[in-house]
Amino acid sequence: MSTENIRVRFAPSPTGFLHVGGLRTALYNVLFARKHGGSAVLRIEDTDRSRYVEGAVENLLSTLEWAGLRFDEGPEQGGASGPYVQSERSDLYRAHAEQLLAEGKAYRCFCSPDELAASRERQLAEKKDPTYDRRCRMLSEAEISEKRDAGLPFTVRMKVPLAGQLQFRDLVRGDITVHYDVIDDQVLLKSDGYPTYHLANVVDDHHMQISHVIRGEEWLPSTAKHMLLYEFFGWAPPQFAHLPLLLNQDRSKLSKRQGDVAVEDYREKGYLPEALINFVALLGWNPGDDREMFTLAELEKEFSLERVGKAGAVFDVEKLKWFNGQYLRALPAEDLVEICGPWMREAGFDTTDPARTRSVVSSLTNYLTLPSDITEHLGLFTGGPVHITGEEAQNLVADAPAQQVFTRFVELAAELEDWRGESIKAMIKAIQKDTGVKGKQLFMPLRLALTAEEHGPDLGMIAELLGRDETISRIRAQLR
RNA sequence: GCGCCCAUCGACUAGAGGCCUAGGUCGUCAGCCUUUCACGCUGAAAACACGGGUUCGAAUCCCGUUGGGCGCACCA
């Protein structure tokens, strides 16, 4: 593939939060740009005033930054093709609509939204395809002037050829053919003067010199309209690559109501950006071999559109969790402490002693998929009397061998020189020797006495973190 | 309804006519490791939607069927 002047864009509309599908689209765009030494442009598509959401742009930017995706041009960093917010480019779209009007490639439509809606319903009722009947396309000059003089609001529609077909090549799907007779006379300019997506994205992609349009498959059917517009304007179209959709468990387009779809949701739950990126990168793309763990930098080297699949991919949170656990466990201890800290404090755990906090986190690392999971295990190290529930467990602690172990434990623990995991374990070995109790009979009562749980991290570590006094007191509490 | 697109284990996927007794990963199950659990390790079950072609030979090419998705807004 030619590498000169590769320019791609990610063009979200700020209607709320960044969708994970959007994240993947942004990722693939950035990867493609980096791979080919090109530029990644971020463009805000906010031409729908009615869907404006306060703070959505800021949120979008901060989320992309969190994910580690950097753009070369955009509303924040600027660039030679700005402005990068469509609502600030209205004049440009209007001028181009005027040009099409002047050249007879578009026409004014005075039909009101209500009329159109009624017409649509009528057609649906008659089981016909809901298409615009093009009545305003036949308007005479006189009729047009009359309506304009009357101050009737109008939209600008593109004049789609009545017959024939159009073909274009998609980088992931190959040649695609669309017949003109199924394409509506698409509205290009709304009556409020703002452009529709179709006009704005073509005009902007051209003026921003976008070489490759990498976007979701939901745009595939309307790409024909875009190709036609390029033709109308006499511009060379960019290359298109339509990515397979991200799907719910039931294989419908990934949406809310069926789990989290906002990147922010995952961020708040404690997923690491590295894990999300790695996971989402593999939804529709693969390196061609068995590797699965990829950093952003590695992806930038490996990515290619040729290896993007065509079929939709189900967003499987289970695998995302696995990735997150992998990345969490690979983290340096200090980083993990930092990440888990807020969750621990929120759960009421005292993290003022750095060494102790670090030990607690380290002992629990293997139990974590999400950093918040740590709160479920903190009880092991917090004060208070231990309540052993369950008949079997209670019997185990009350049994003679256990009592022997406890007695000896208390004796030795009081004299143990340094209270560390290793030496505590050695001490337990000594207890085994002294009492003759071993294996499960030895360890389980101790574990129960200290934590009331049958499972958990290394006993020596737990005792160390509990501290000598607390450990002894808990064992004493079980003495009969 | 019409149009476009898609179709390999439950999920993500490898596979570009013989290398396929269909490979890897998540999940599931079993074993090992461990005082226990978790982590880790080893192994197992698990898929080419169906029907026709083409070919000496098809998961791979063609056609059809079925299934699924998306689109058909003065939303993007």
Side-chain angles (χ1 to χ4, degrees), chain A residues 11-15 45-48 50-51 86 109 111-113 116-117 120 123-124 126-132 153-157 170 172-174 176-179 181-184 186-198 200-201 215-224 242 244-245 247 249-253 279 282-293 307 309-323 325 329 364-369 377 425 428 432 438-448 451 453-460:
Chain A
S13 68
T15 53
E45 309 226 330
D46 60 345
T47 56
D48 185 357
S50 65
R51 293 217 293 179
Q86 288 188 330
C109 172
C111 299
S112 75
L116 293 171
R120 185 187 319 285
Q123 294 178 74
L124 246 20
E126 292 169 29
K127 297 222 170 203
K128 283 190 193 152
D129 300 346
T131 51
Y132 175 55
F154 61 87
T155 63
V156 174
R157 286 181 184 270
D170 184 277
V172 343
R173 279 150 223 283
I176 289 167
T177 305
V178 181
H179 294 264
D181 56 17
V182 298
I183 305 179
D184 243 0
Q186 181 65 48
V187 170
L188 299 176
L189 209 60
K190 303 179 240 179
S191 55
D192 65 3
Y194 281 82
T196 59
Y197 171 85
H198 306 286
N201 106 84
R215 70 214 323 184
E217 193 191 345
E218 68 266 32
W219 295 110
L220 196 54
S222 48
T223 302
H242 288 92
L245 259 20
L247 274 24
Q249 294 295 335
D250 68 0
R251 305 203 75 86
S252 58
K253 185 175 165 184
F279 170 63
L282 261 14
L283 255 28
W285 172 87
N286 73 80
D289 52 43
D290 290 341
R291 290 171 301 159
E292 294 233 301
M293 301 297 289
R307 296 213 60 86
K310 304 179 213 259
V314 173
F315 189 94
D316 180 14
V317 186
E318 288 307 312
K319 189 152 185 180
L320 205 211
K321 284 182 181 167
W322 176 78
F323 270 116
R329 252 163 255 126
L364 294 174
T365 306
N366 286 343
Y367 296 87
L368 308 181
T369 285
H377 306 280
K425 273 163 91 170
I428 295 174
Q432 175 184 329
K438 59 184 176 178
K440 198 178 171 182
Q441 297 292 312
L442 171 64
F443 285 91
M444 202 48 79
L446 285 173
R447 179 174 292 285
L448 283 166
T451 69
E453 299 286 337
E454 292 178 34
H455 309 302
D458 179 77
L459 254 194

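Note that the structure is predicted; figures quoted are calculated from it, not measured. So you know, we letter chains A, B, ... as the sequences are listed, proteins then strands, and number each from 1.
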| According to a strict under-4.0 Å criterion, is A:T15 in side-chain N/O contact with OP1 or OP2 of B:C75? | no
| B:C29 - base-pair partner by Watson-Crick or wobble geometry, distances under 3.5 Å | B:G43
| field | Identified pairing partner of B:C9, criterion: Watson-Crick or G-U wobble below 3.5 Å | value | none
| task | Verify the contact: side-chain N or O of A:R251 to OP1 or OP2 of B:A11, cut-off strictly under 4.0 Å; return yes or no. | result | yes
| Nucleotide nearest A:K310 when distance is taken to its side chain, options B:C4, B:C6, B:C75 | B:C6
| Sidechain-backbone polar pair: A:Q123 side chain, A:T131 backbone, donor-acceptor under 3.5 Å | yes
| request: Hey, which sits more toward the 5' end of RNA chain B by its nearest nucleotide, A:A311 or A:L459? | output: A:A311
| task | Would you classify A:R329 as touching base, sugar-phosphate or nothing, given that sugar-phosphate means primed atoms plus P, OP1 and OP2, and contacts are heavy atoms under 4.0 Å? | result | sugar-phosphate
| query | Does any nucleotide pair with B:C50 by Watson-Crick or G-U wobble geometry, both distances under 3.5 Å, and what is it? | reply | B:G64
| request: List the atom of A:H377, the atom of A:L364, and the distance in Å for their closest heavy-atom pair. | output: CB-CD2, 3.5 Å
| said: For the residue pair A:D250 / A:S252, report whether a side-chain donor-acceptor contact shorter than 3.5 Å exists. | reply: yes
| said: Run A:F279 and A:W322 through side chain to side chain contact (heavy atoms under 4.5 Å, CB included) and show every step you take. | reply: CA-CA 9 Å; A:F279 170 63; A:W322 176 78; over 6 Å; no
| Residue closer to the 5' end of RNA chain B, A:V187 versus A:L220 (nearest nucleotide) | A:L220
| With sugar-phosphate meaning primed atoms plus P, OP1 and OP2, does A:R307 contact a base, only sugar-phosphate, or nothing at under 4.0 Å between heavy atoms? | sugar-phosphate
| said: Base, sugar-phosphate or nothing for A:P195? Non-hydrogen atoms, less than 4.0 Å. | reply: sugar-phosphate
| query | Taking atom P of B:C6 as reference, at what distance in whole Å does atom CD1 of A:I176 sit? | reply | 7 Å
| Touch check for A:S50, heavy atoms < 4.0 angstrom, all strands: base, sugar-phosphate only, or nothing? | nothing
| Which part of the nucleic acid, if any, lies within reach of A:G309 when heavy atoms closer than 4.0 Å are counted: base, sugar-phosphate only, or nothing? | nothing
| request: Measure distances between side-chain N and O atoms of A:T155 and base N and O atoms of B:C74, and say whether any donor-acceptor pair falls under 3.5 Å. | output: no
| request: Mind checking A:E218 for me? I need base, sugar-phosphate or nothing, with any heavy atom below 4.0 Å counting as a touch. | output: sugar-phosphate
| request: Look at A:R173 and B:C6 and indicate whether a side-chain polar atom (N or O) is within less than 4.0 Å of OP1 or OP2. | output: no
| Proximal nucleotide (of B:G69, B:A76, B:C26) relative to the A:W322 side chain | B:C26
| Between B:C5, B:U25, B:A76, which nucleotide gets closest to the side-chain atoms of A:Y197? | B:A76
| Among the nucleotides B:A11, B:G24, B:A38, which one has an atom lying closest to any side-chain atom of A:E292? | B:G24
| remark: Taking a pair to mean Watson-Crick or G-U wobble geometry with both distances below 3.5 Å, B:U21 pairs with none
| task | Check every atom of B:U36, B:A73, B:C12 against the side chain of A:L283 and return the nucleotide holding the closest atom. | result | B:C12
| said: Classify A:D458 by what it touches in the nucleic acid, base, sugar-phosphate, or nothing, heavy-atom distance under 4.0 Å. | reply: base
| request: Establish, with yes or no, whether the OP1 or OP2 oxygen of B:U13 is under 4.0 angstrom from a side-chain nitrogen or oxygen of A:N286. | output: no
| said: Need one value for A:D129: base, sugar-phosphate or nothing, where a base atom within 4.0 Å counts as base even if backbone is also close, heavy atoms only. | reply: base
| message | From C-beta outward on A:L245, which listed nucleotide comes closest to its side chain: B:U35, B:G69, B:A76? | response | B:G69
| request: Describe the nucleic acid contact of A:S222 in one word from base, sugar-phosphate, nothing, applying a heavy-atom distance below 4.0 Å. | output: nothing
| Below 4.0 angstrom from OP1 or OP2 of B:C75, is there any side-chain N or O of A:K190? | yes
| said: Given B:C6, B:C72, B:U25, identify the nucleotide with an atom nearest to the side chain of A:K319. | reply: B:U25
| request: Ignoring the backbone of A:P221, work out which of B:A38, B:C12, B:G3 is nearest its side chain. | output: B:G3
| At under 4.0 Å between heavy atoms, what does A:C111 touch on the DNA or RNA strands: base, sugar-phosphate, or nothing? | base
| message | Need the pair for B:C4. Rule: Watson-Crick or G-U wobble, both distances under 3.5 Å, any strand; none if unpaired. | response | B:G69
| query | With both distances kept under 3.5 Å, what pairs with B:U55, Watson-Crick or G-U wobble? | reply | none
| said: What's the gap between B:A47 and B:U42 when it is taken at their P atoms, as a whole Å value? | reply: 23 Å
| task | Please determine, for the side chain of A:A313, which listed nucleotide (B:G27, B:C12, B:C74) has the closest atom? | result | B:C12
| field | Residue A:D290, side-chain atoms from C-beta onward, closest of B:A7, B:A76, B:G23 | value | B:G23
| Residues A:D289, A:R291: salt bridge by 4.0 Å N-O rule | yes
| Quick one: is A:K253 getting a side-chain N or O under 4.0 Å of the B:G71 phosphate, OP1 or OP2? | yes
| message | Taking any heavy-atom pair under 4.0 Å as a contact, classify A:E454: base, sugar-phosphate, or nothing. | response | base
